[in-house]
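Below, each value reflects all heavy atoms present in this structure, side chains not excepted, and no hydrogens, waters or symmetry copies. Every value quoted in this text rests on a predicted model; they were computed, and no experiment measured them.
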Amino acid sequence: MPRATTPLSEVGVTDASLDVQTSGFAPDSSSVGGDSGVPSRSIGDTKVPYDILRYIPEESAQHYRLAPLSVVDGVLEVGMVDPDDIRGFDALNFIARSTGLPFKVYRISVEDFERIIDMYHGLGGDVERAVTDLATEQKERREEPSAAPLDLDDPSIKKSVDGEFVRNVHEDAPTIKLVSTILRYAIDGKASDIHIEPQVSGVRVRYRVDGELHTSVILPIATHRALVARIKVLASIRLDEQRKPQDGRFSASIEERQIDFRVSTFPSSQGEKVVIRILDRERGFIPLDQIGLTPRNLKILRRAIKRPHGLVLISGPTGSGKSTTLYSMLTEMDREHKNVLSLEDPIEYYVEGVTQSQVRPEIGYTFATGLRTTLRQDPDIIMVGEIRDADTAKLAIQAALTGHLVLSTIHTNDAIGTIPRFIDMGIEPYLIPPVLIASVAQRLVRTLADGNGKEVELSVSERKGIESQMASLPPEHRLEIPKVVWEAERTPTSPTGLRGRMAVFEIMEMSSEIESVILESPVESKLWAVARKQGMLTMQEDALVKAFSKLVPFSEVNTLSRLLIGGGSEEEKTGKDADEGEYSPEIQAKGSEHAEGSKDV
């Protein structure tokens, strides 16, 4: 049967182990009892988030008739039907030692307790029912992969008015139900990717939320074959090919929104792994001034996209949010009086007023061939999803030289690296300065939840390290180092203290000094020195700006520094293997405040 993961299960806590634990704390007649000091609490219509429910497994909650309510100031608040139950307090003491969280007890009614227990019946409950149906059907007959249409608005998995998932008595085929449930919960949980991984112990289903993978449910290994077959049918890829990777895509409508799913299969020793990327085409775009750009960087980018011709490059590894930044730039274009075309793989979001084209390498329609055709479409602005090879690079340079504004992405580790990369692709150095307007590098960092965070004083060594890093900047561009920074702190709505991600940037603007270096000796160290004299902040320093503004925890700066020094990529940090990262919707307001209130650096 499927099982939802919890922090307790990770440390091997079971009901049996709870029964034998003793505790240094137990209620006495002066502190608990009918009216002996334990405060009462009513939850009403309040929903307890699943991240809070994870602290106490459902089986333990039912056995001891207690349930988690929230985490406030690092304290786990627990509701008990009977606070006189010493065994319940022993269990809570064991949980406190296991999780590192102290607890506070409230008396709750039986009705509220049962309401919380019902909240446990989320993904695990729906999936468990589907798995049971599937097992029953497989015993009765050998199930063929179903080609039934995908319906994520199926009433049996549709949200009710109170936000809970309810189930209709009329069931569809079990495999169809299982896949639809997994997809629906991913969408409602704002996941960007779904990983379905066969393991020795079962089929692990993981969701990526805010860049982090979390195991949501583990299915019986017997469900793997039918699960993969159903997804393959939806994605129109070969059912009989299990020896090599395959790619496909499909779409579904949910609450009048069109959602696209990109599917990738990968053969492993335990069977085929499936990764599904979720793309919501109708999701709102983040305006350019709300993606976390400092005032200086925002001015550079706005100047760049107002130029009549030239090349703007955004660099970064897979999963660093490059496509999101490109779409933000497109939304500021004059799409009414300009002919704007794009070549994409895939089309992630639709932009009004832009003619978007999906490249298809399998039929010979690549970025290079598409760019040749695009130049005959009388374009003013061309967005090329990625410069992957020398042909595409040469055509992009040619387009920029002949009066077109070209926006594109490229895989390099920093903003300076785009120039050596172009030269490695066979571009003559003298062709780069006339066309390259700006080179942008970016990464994604996690943000503090709800503007909360605990103050941490900077050590002397940390201050000296920051001062040393900024020594190559002109004095007017150096950051003011505060005495304290902030780290993540648990909140009632975020047990980790973190929610969402935002981008940190490094932008090099073409200048006569950089042009001279490119023509004379295009060495990265010389380009770096000139860019620093112009006031270019590194991605680490941009992360510092956001850390000093209480947007990101200071630890994220250190994590980013290790990542960049090691030459790693965003997918190495997060395990991400989808094409692009996304900014979380929660950062829009944060980014806006940051752009308005930050020092002009």
Side-chain angles (χ1 to χ4, degrees), residues 1-27 31-32 38-128 163-165 185 189 207 214-218 489-497:
M1 303 298 284
R3 55 186 185 276
T5 61
T6 69
L8 298 183
S9 64
E10 292 171 4
V11 295
V13 178
T14 64
D15 283 344
S17 66
L18 291 176
D19 287 338
V20 300
Q21 290 297 319
T22 60
S23 171
F25 173 84
S31 61
V32 297
V38 175
S40 297
R41 186 154 169 185
S42 174
I43 68 168
D45 295 329
T46 304
K47 179 174 173 56
V48 180
Y50 181 67
D51 283 345
I52 301 297
L53 296 175
R54 291 173 60 195
Y55 284 108
I56 301 178
E58 181 184 356
E59 294 81 4
S60 300
Q62 290 182 331
H63 183 76
Y64 297 103
R65 295 178 70 76
L66 52 84
L69 304 176
S70 63
V71 175
V72 178
D73 297 328
V75 176
L76 177 63
E77 296 184 340
V78 180
M80 295 182 69
V81 173
D82 180 14
D84 286 324
D85 185 357
I86 294 179
R87 292 174 66 252
F89 272 85
D90 286 343
L92 287 177
N93 276 293
F94 186 86
I95 290 169
R97 290 194 296 270
S98 301
T99 62
L101 286 179
F103 63 87
K104 182 177 181 180
V105 171
Y106 293 87
R107 179 187 297 277
I108 59 173
S109 67
V110 174
E111 292 76 14
D112 280 348
F113 172 74
E114 291 175 349
R115 191 176 295 119
I116 296 174
I117 291 299
D118 288 340
M119 295 178 190
Y120 279 96
H121 302 157
L123 176 62
D126 280 353
V127 168
E128 182 170 341
E164 291 298 308
F165 282 86
Y185 273 83
Y207 293 149
H214 302 281
T215 300
S216 291
V217 70
I218 298 178
E489 185 175 34
R490 292 186 180 98
T491 71
T493 58
S494 176
T496 64

With the side chain counted from C-beta on, respond yes when L53 and E58 share a heavy-atom pair under 4.5 Å apart, and no when they do not.
no

Do M80 and L92 have side chains that approach each other closer than 4.5 Å (heavy atoms only, starting at C-beta)?
yes

Closest approach of P83 to R107 (non-hydrogen atoms, all atoms of both residues)
CD-NH1, 3.4 Å

I need the minimum non-hydrogen distance between N93 and F103, along with the two atoms involved.
N-CE2, 3.7 Å

Please round to the nearest 0.5 Å and tell me the distance separating atom CG of D118 and atom CZ of F113.
10.0 Å

Please report the closest heavy-atom contact between Y207 and S216, naming both atoms and the distance.
CD1-OG, 3.1 Å

Using the rule given for side chain to side chain contact (heavy atoms under 4.5 Å, CB included), can you reason through Q62 versus I117, listing the C-alpha separation, both sets of side-chain angles and the distance that settles it, and then say yes or no?
CA-CA 8 Å; Q62 290 182 331; I117 291 299; 3.3 Å; yes

Those residues that, when tested against R41, pass side-chain hydrogen bond (donor to acceptor under 3.5 Å, both in side chains) (two or more places apart)
E77

Might you point out which heavy atoms bring R115 and I43 nearest each other, and give the distance in Å?
NH1-CG1, 3.9 Å

If you compare all heavy atoms of I116 against all heavy atoms of I108, which two are closest, and at what distance to 0.1 Å?
CD1-CD1, 4.4 Å

Return the set of residues passing side-chain hydrogen bond (donor to acceptor under 3.5 Å, both in side chains) with R490 (not counting sequence neighbours), or none when no residue passes.
none

Check side chain to side chain contact (heavy atoms under 4.5 Å, CB included) between S109 and all other residues, then give those that pass, not counting sequence neighbours.
E111, D112

What residues form a side chain to side chain contact (heavy atoms under 4.5 Å, CB included) with D73, not counting sequence neighbours?
none

Looking at V71 and Y55, what are the two nearest heavy atoms and their distance?
CG2-CE1, 4.0 Å

Roughly how far apart are H63 NE2 and I56 CD1, rounded to 0.5 Å?
13.5 Å

